[in-house]
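A short worksheet on the structure shown next.
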Amino acid sequence: MREAIKAGQPFWTFVEHPGIDSWVANGFLRTASGDVHYFVYDSAPCGRPGCQPKLTLLLCQLPSVKRNGNGNAVGFDCP
């Protein structure tokens, strides 16, 4: 992600989070025009089968990587 931003290239990256009843992920994407977006995806936001998936997409000026107490990357954020 950092290298693509420096090079001005589009990219996408995400991390999956454990979900009880759905597939959940968040991450970043950079468009060909250079905008960086933070996204959150939930395959079943209503908590049961049959509902439509939800994708939230927000413009992000300061993409960041969340880290745990050991310094390992565990997710993404857009403060």
Side-chain angles (χ1 to χ4, degrees):
M1 179 177 92
R2 290 181 187 144
E3 294 302 316
I5 289 173
K6 286 179 189 176
Q9 298 175 332
F11 71 88
W12 59 267
T13 187
F14 70 92
V15 63
E16 179 180 2
H17 300 283
I20 295 170
D21 55 8
S22 60
W23 190 83
V24 179
N26 73 325
F28 293 108
L29 63 91
R30 185 178 194 267
T31 64
S33 65
D35 293 330
V36 176
H37 296 270
Y38 173 72
F39 69 86
V40 178
Y41 177 80
D42 188 336
S43 67
C46 66
R48 56 181 161 64
C51 58
Q52 293 296 312
K54 182 176 182 181
L55 175 65
T56 303
L57 190 65
L58 304 167
L59 191 59
C60 185
Q61 299 296 322
L62 297 169
S64 64
V65 176
K66 289 191 219 176
R67 299 190 180 278
N68 65 14
N70 296 328
N72 297 321
V74 295
F76 301 110
D77 197 12
C78 184

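Side chains are part of it too, since the values below use all heavy atoms of this structure and drop only hydrogens, waters and symmetry mates.
- In this structure, CG on Asp77 lies 13.0 Å from CZ on Arg67, to the nearest 0.5 angstrom.
- Scanning all heavy atoms of the two residues, the minimum distance from Leu62 to Pro79 falls at O-CD, 3.2 Å.
- Val65 is not connected to Val24 by any chain of hydrophobic side-chain contacts under 4.5 Å among Ile, Leu, Val, Met, Phe, Trp and Tyr, and they are in different clusters.
- In this structure, Ile20 shares a hydrophobic cluster with no other residue, the cluster being traced through Ile, Leu, Val, Met, Phe, Trp and Tyr side chains under 4.5 angstrom apart.
- Within the structure, disulfide (SG to SG under 2.5 Å) pairs that include any residue of residues 22-56 comprise Cys46-Cys51 (at least two apart or interchain).
- Pro53 approaches Pro45 most closely through the heavy-atom pair CA-CD, 4.1 Å.
- Annotation: side chain to side chain contact (heavy atoms under 4.5 Å, CB included) contacts of Asp35 (sequence neighbours excluded): Thr31, Ser33, His37, Leu59.
- The ring-ring contact (aromatic ring centres under 6.0 Å, His included) pairs that include a residue from residues 55-79 are Phe28-Phe76, where partners are two or more places apart or lie in different chains.
- Grouped by direct or indirect side-chain proximity (heavy atoms under 4.5 Å, Ile/Leu/Val/Met/Phe/Trp/Tyr only), Phe14 sits with Trp12, Trp23, Leu29, Phe39, Tyr41, Leu55, Leu57.
- In terms of heavy-atom proximity, Ala44 sits nearest to Asp21 at CB-O, 3.9 Å.
- Sorted by first and then second residue, the side-chain hydrogen bond (donor to acceptor under 3.5 Å, both in side chains) pairs with a member in residues 52-66 form an empty list; sequence neighbours excluded.
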